[in-house]
Structure formats: C-alpha cells, structure tokens
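The figures here come from the full heavy-atom set of this structure, side chains too, leaving out hydrogens, waters and symmetry mates. Lettering of chains follows the sequences in order, A, B, ..., and the numbering in each one begins at 1.
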Amino acid sequence: MQTTKYLLATYKETPADAEIISHQLMLRAGMIRKNAAGIYAWLPLGLRVLKKVENIVREELNRTGALEILMPAIQPSELWQESGRWEQYGPELLRIIDRHKNEFCFGPTHEEVITALMRNELQSYKQLPITLYQIQTKFRDEIRPRFGVMRSREFLMKDAYSFHMTKASLQETYEIMYKTYQNIFSRLGLKFRAVEAPTGTIGGSFSHEFHVLAESGEDEILYSDASDYAVNVEIATAKAGDPSPDGKGTLHTARGIEVGQVFQLGDKYSKAMGFTVLDENGKAVVPQMGCYGIGVSRTVAATIEQNHDAKGIIWPKAIAPFDVAIVPINMHKSERVREAAYKLYHELTAQGLDVLLDDRNERVGVMFADMELIGIPKQIVVGERGLDAGTVEYKDRKTGAVEHIGLDSISLTL
RNA sequence: CGGGGCGUAGCGCAGCCUGGUAGCGUACUUGCAUGGGGCGCAAGAGGUCGUCGGUUCAAAUCCGGCCGUCCCGACCA
C-alpha cells in the first residue's frame, strides 16, 4: 500500500475526550472514530488490526474443530422469554419494536439463539460433543461506556458454544478452550493471566476470565509469582502477600483488562428451552453447555495499553496493520531513491508482506512521526547516503535499533 | 441514575466575567523555498458559536429548558 492512496488519518494533537492511552492513540493513529457514545467506526488502518486479531482467533478455534457460523444480531423477544432473561436482563438489553409491534433485542450474547438453533439440528448423542462459534457485532447498552473501544456499547466479539452428553465431556472441552485461549493471547504477543471468576448474568457454574495485564485495567487480580494461579480480587478472600492457595509462591496484585471468559453453563439454557437429544438407549437427555467469549475489539485496545511509547503504538508483529514501512528520503527529487524504494516495495510485497510505502511529498520528520505513531514494527529508510554505500537502514520500532543492510539482502532479512 | 466538567473550523484552544456580529495554533489548498525528525515565507478556503426559547436596539457572551459528550461511582467481553 502507498500512503498517497491510503486514508492515513493521523492527528498531531490528542483529542480532548480521550482519557486512556489506547483510546488517544487509536484516535491519533486514525484507527477509529466515534459515532455516538460507545459506538465507533473503524477506519482502514484500525480494521486491518481488528481483522488480524479476528483471524488469529478464528485459526485457533478452527484448530480445535469448532465450527464457524453467523447468527442474527437482532433476536426475537420470544426466545428470551423462554430462558427467562427478557425480564431479568435490565436496561442493558437494547430492545427494539418492529413495524408489526413485535419485540426484538439487539443481541448482547447468543445463548438463546444458539440453543434454539441447535435443539432443531441436534437429535442424537452421535452428534455430540460439538462446538460452534461466531465473530459478530454485539450491543450492550452499558450504563457508562468509556475508554473508546475498551468499554463500548457496540463491540466485536467471538462467542463460542459447546454441547455435551455429560459433564465430563463439557469439562474436557472447557479445558481445550482454556488452552486455546492461552494460545490465542500468546500468539497476540500479550502478557495475560487466566483468573478464577464469578459467573455473572450469563449464569452457570464455573468460569475463568482472561486478563491482559495493564495499569489501566478496570479489574484488580491476585496472582502467584510461582505458578499460573490467579483470582479476581472482587471475589477473593486472600490478599497480597498471602501464600498462594495452590501451595506455590506468594500472591501479588496487578491490574487486568478482561478480554475473554470461559464458562460452564451446565443445563441452564438447554433445560429452560426444552432441548434434548437421545442417548444410546433412546432416552432423552438435556445436553450440558459451555460458552466462551473473546472481546475482539477490546483486545485491540488492550494490546495498545501494553505496547506503546511516547511516539505512539508499538504493534506486536502478529497483528500489526503493516509488517514494514518504507520511508524514502527526498524521493520526489532523487530518481535513484525513487527507483530503489519502488523496487523494494514490489519485492517485499511479492514476498507476501504487508508493506506501506510512504510516497507522500513530505518532510522526513512527518513521515517518521506518522510511521511511528501508527506503530509499524519495522522501517526501511531509503536515502542517497545509503545508496552510495549500497545499503538501506533497517529500523526496529520497539528498540529503535538501526542496521545498515545491503540492498540485495534486505528481502532475505525480512 | 447520583456527583463533577465541557460543547466556538477536521483536531487543540482563546473570546464569555464587563453584550456591539468571531480569533489563534495545527491540519487543509495554491505558489515559493527546503530536503535525514512534525522547518520556513506568502496567498487562500473552511464556523447557522450544540439546540430551543427568553431579556435587549443588539446575544458566542446574560437568563431558562432540552440535547450531546467526557470524568468519578453502582453493571459487563
């Protein structure tokens, strides 16, 4: 991609209504724009990152054999009456009335829809266990949306649902999902902890939350310094300095941003909604269910909270909008620089890399500042100086380290 | 919903107290100049001052209602 053909919508100044760093940087980098409180549009640069996160989530889910589907965002009230949540779920549920005066809601979650769907599709124990998931826009009419896409009303979520003949089977899938979440957040390059958690409105019995560790996190968690043990302070009876309940290490506190949660729902929805399948003996059994969510848009913000400096965002390689930026110096005067820059651009692109060539007729300072703000992990500076020596500069966004690399070997380096 | 801010050009702000018909920086357009860190010079374009009403000869400015938005608290991926 060339910057002159892209919507590089960067701001030099920080918008006044953004409080936390990820929100400020997402606005300044031109990733998102607000449409209403807690409702955001994603610009091309932001969407690239969102899609990369989405694809990693998708790949890891697919790897477990989970099947991708897409359910409606708008859901009829009847389903929610069946589960009892039409009354229980407060004003956070955005209710809608159509032209026939029928009641609907914009889905904040999909237990009802998936259960209604599967009670028609699944008849036999032979079809279980099965896990289905979708990546879709949700709406929760938060009392107080804040911090940009960190706590928005409209957001992109991956929600998965599993169905089982037995609790043991549910436990098995739960553990697979738990591991899958660890894989996902590791691939995203995040520092995170899985913590024991309360079950909330979704109901059920057993749950873990996945928290990205960051100062601005809204939750406080206690974690062991010698094992994976962690717990949300909200429900913990222990405190910092206590020995870890698993006998390994001492507890410390940290702030966390909840980006995912895994639940064992049991038969709460399947039972309420009359969902049964036949077992080996022809006897009707109410399936056990699990549900597993990841806040995809929130994860993007959480990543920035953990990866930024005074110049801007520092994307982990796996989800950077572009892999490398080419910054030509004085390209609009120097034919040599122009040729070298375009040659590199075409080579690297052909190599399958996402390359951003800054072909604007701008001062270098402007180009450097923008490439650093939007957080491209690697920068290649092409200038007369280097070309005289047959090299280009290869700069790391995170460390700032510069290497001079021969023009011929740069594509091998990347 | 309770408490506290703020709404003036895309973004950041001044002007409001003490009414007289809107300004600065940046971004944008054009030209010149420059070319290794948001450089400089010149000329431009861009605003029903959130909205409705009131007071007044006259309202961005004073008074009232409403709306929007941000922050702190109670809910959630």
Side-chain angles (χ1 to χ4, degrees), chain A residues 7-20 23-24 27-28 30 33-39 57 88-93 107-110 135-160 181 197-202 207-212 217-219 232 234 256-263 291-302 311-312 327-334 337 358 360-373 379 381-387 392-393 395 400 402:
Chain A
L7 185 62
L8 200 60
T10 55
Y11 289 157
K12 200 188 256 188
E13 286 167 303
T14 304
D17 58 5
E19 181 79 1
I20 62 170
H23 188 196
Q24 294 177 350
L27 290 168
R28 287 192 52 209
R33 291 292 183 254
K34 185 173 66 185
N35 189 20
I39 301 178
V57 171
Q88 280 172 28
Y89 225 105
E92 197 177 299
L93 187 64
T109 180
H110 283 242
I135 297 171
Q136 186 211 35
T137 298
K138 297 281 192 283
F139 195 96
R140 296 183 186 175
D141 201 354
E142 289 276 345
I143 292 171
R144 185 154 86 85
R146 60 186 129 169
F147 303 150
V149 298
M150 185 72 82
R151 179 187 290 257
S152 52
R153 294 194 290 174
E154 188 176 299
F155 58 98
L156 190 67
M157 180 176 173
K158 184 284 296 176
D159 49 325
Y181 275 36
T199 50
T201 333
I202 294 179
S207 163
H208 281 91
E209 291 171 351
F210 284 76
H211 286 258
V212 167
E218 293 189 76
D219 291 292
N232 199 315
E234 216 177 298
I257 300 164
E258 187 188 349
V259 290
Q261 189 158 20
V262 289
F263 273 99
C291 77
Y292 319 90
I294 289 179
V296 178
S297 39
R298 175 181 283 184
T299 298
V300 173
K311 291 172 176 174
V327 179
I329 307 289
N330 202 16
M331 176 179 90
H332 293 265
K333 289 275 170 62
S334 166
V337 171
D358 201 342
R360 293 175 297 174
N361 188 3
E362 284 287 357
R363 307 274 309 196
V364 286
V366 172
M367 295 194 280
F368 287 145
D370 274 342
M371 294 307 111
E372 282 157 359
L373 173 61
Q379 213 175 65
V381 183
V382 183
E384 292 272 0
R385 266 191 219 165
L387 292 181
V392 293
E393 284 163 45
K395 189 154 78 177
V402 177

* Asked: Does A/R360 make a side-chain N or O approach to OP1 or OP2 of B/G35 shorter than 4.0 Å?
  -> no
* To do: Determine: side-chain N/O of A/R144 to OP1/OP2 of B/C70, distance under 4.0 Å, yes or no.
  => no
* Asked: Just to confirm, is there a sub-4.0 Å distance from OP1 or OP2 of B/A27 to any side-chain nitrogen or oxygen of A/K12?
  -> yes
* To do: Pick base, sugar-phosphate or nothing for A/F147, based on heavy-atom distances below 4.0 Å to the nucleic acid.
  => sugar-phosphate
* **Residue mapping more 5' on RNA chain B - nearest nucleotide basis, A/G148 or A/F368** => A/F368
* For B/U61, the Watson-Crick or wobble counterpart (both distances under 3.5 Å) -> none
* Identify whether any heavy atom of A/D159 sits under 4.0 Å from a base atom; if not, whether one sits that close to sugar-phosphate; answer base, sugar-phosphate or nothing. => nothing
* Asked: Among B/G38, B/C71, B/G12, which is the nearest nucleotide to the side chain of A/A16?
  -> B/G12
* When you measure from the side chain of A/I329, which nucleotide among B/U26, B/A77, B/G36 comes out closest? -> B/G36
* Could you state the CD1-P distance from A/I143 to B/C76, rounded to the nearest angstrom? -> 9 Å
* Structure fact -> Answer for the Watson-Crick or wobble partner of B/G12, both distances under 3.5 Å, is B/C24
* To do: Kindly say if A/K138 contacts the phosphate of B/C76, meaning a side-chain N or O under 4.0 Å from OP1 or OP2.
  => no
